[in-house]
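In what follows, chains carry the letters A, B, and so on, assigned in the order in which the sequence lines appear, proteins first and then strands, with residues in each chain numbered from 1.
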There are 2 protein chains.
Amino acid sequence: MDETVQQLVERMALICEKEGMPRIGGRIFGYLLATDQTFSLEDLAEQLQASKASVSTNARMLEQFGMIRRVSVLGDRRDFYRVQDDPWEQMLRVAQGRWREMVNVFNEAAERLPEPAGRARMDDAARFHTLLIRECDALIDRWHALRRQEQADAGAEVPLRRAAGA
Amino acid sequence: MDETVQQLVERMALICEKEGMPRIGGRIFGYLLATDQTFSLEDLAEQLQASKASVSTNARMLEQFGMIRRVSVLGDRRDFYRVQDDPWEQMLRVAQGRWREMVNVFNEAAERLPEPAGRARMDDAARFHTLLIRECDALIDRWHALRRQEQADAGAEVPLRRAAGA
DNA sequence: CGATACGTTCAGTATTGACTGAACGGGTTG
DNA sequence: CAACCCGTTCAGTCAATACTGAACGTATCG
């Protein structure tokens, strides 16, 4: 494996681990991200020096988070994996789900707690996370807009040259 | 301890644990949040049924995250703790710091990676997190505005009644 | 200056959970 | 139908780390 790729893989492993994800999950994501290619389960296990069992489990987790996707290839029984088109949006959506649960917890506590001051704190927390969820939707929209812009710019490079030649 | 408080404490413990924080850290934060009171180290250890050592360590961690603060009381040698005025903003700021590091990692990889496609992915990732950081600043501003509004409304309740009586 | 109170640090313990190898099930090929 | 290929599941192992009790350093009080 290319050394630069490996560096990113290991960094990604540590970052993801700090976020509460298994280290190998971070490695898989980092590898698929840095190569932007499609790999079989066995390829991943070999390249990342992990057991197929571990890769299988972690790949499924990443798939459920929407950060990578399974690819089926005609005439091949194996599973292939590659990074999702927009993994970061998916990350945010998962986070939104967690925040929604927290809002429920806070709202429930805001009704039941004995002390008014504590209830106010819970209300505050619920409002904050509600705002967080709402603003995240807006952020995703902005991200899509920015991303379309990027891709339009990148895609325009070649056609522009053609136009110049015409 | 009140049962409702205890429920929130345990829920908060699990939530925080899932985010990669020690369980007792979550308990401390949840307890201070739900009671909105000031407690000594020993109080916390007793109420949360944990050792003073553990509470000491975790309280310092929460303090460094800006989620709780130490309170000193005149004529008392002990340390007291209470929840920070706006712990959620602090949480976001800590997250921003992590994202900044990630942007560095991505940018570095975007320059060094062998494959153009991989470099594009890294660039994409860096852009996303940069946007995330920027939008978070805006979010914090909105949160402050919303919060001022809340507090103004809450504070207005009594004066309004006075105004109505006048 | 000795005694006490308080918080922190540190070594040891216990628990969690990530990871592995092997067994299993489903499906395809000869 | 037998042999094989893939992926998943599961029991077992190992490492990481949260937590504790005890020792320590520091400051305050008699």
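In this structure B/E150 satisfies the salt bridge (Lys or Arg N to Asp or Glu O under 4.0 Å) test together with A/R127, sequence neighbours excluded. Contacts of A/R112 classified as salt bridge (Lys or Arg N to Asp or Glu O under 4.0 Å), with partners at least two apart in sequence or in another chain: A/E108. Residues meeting the side-chain contact (heavy atoms from CB on, under 4.5 Å) test with A/D141, sequence neighbours left out: none. Legend: residues meeting salt bridge (Lys or Arg N to Asp or Glu O under 4.0 Å) with B/E42, ordered by chain and number and at least two apart, are absent. For the side-chain contact (heavy atoms from CB on, under 4.5 Å) test, residues two or more places apart in sequence or in another chain that qualify with B/D137 are B/R93, B/Q96. Partners of A/R134 under the salt bridge (Lys or Arg N to Asp or Glu O under 4.0 Å) rule, at least two apart in sequence or in another chain, do not exist in this structure.
Distance from the side chain of B/R78 is smallest for C/dC6 among the nucleotides D/dT8, C/dT8, C/dC6.
Residue pairs that meet the salt bridge (Lys or Arg N to Asp or Glu O under 4.0 Å) test with at least one member in residues 113-122 of chain A, sequence neighbours left out, are A/R121-B/D36. Among residues at least two apart or in separate chains, ring pair (Phe, Tyr, Trp, His ring centres under 6.0 Å) pairs with a member in residues 134-154 of chain A are A/W143-B/F128. Every pair passing salt bridge (Lys or Arg N to Asp or Glu O under 4.0 Å) that includes a residue from residues 43-63 of chain B is listed here, sequence neighbours excluded: B/E63-B/R70.
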Self-check item: Nucleotide-resolved protein contact map, nucleotides 17-30 of chain D, B/S/- at heavy-atom distance under 4.0 Å
Solution: -SSBB-----BS--

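Of the residues in residues 32-47 of chain B, B/L41 come within less than 4.0 Å of DNA chain C through at least one heavy atom, sorted by number.
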Quiz prompt | Pair pattern of DNA chain D in dot-bracket, where unpaired bases get dots and | marks partners in another strand, Watson-Crick or G-U under 3.5 angstrom | solution = ||||||||||||||||||||||||||||||

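Phosphate contact (OP1/OP2 of C/dT9, side-chain N/O of B/R60, threshold under 4.0 Å): present. Between B/S56 and C/dT8 there is a side-chain N or O to OP1 or OP2 distance below 4.0 Å.
Following chains of ILVMFWY side-chain contacts shorter than 4.5 Å, one cannot reach A/F80 starting from A/V83, and the two form parts of different hydrophobic clusters.
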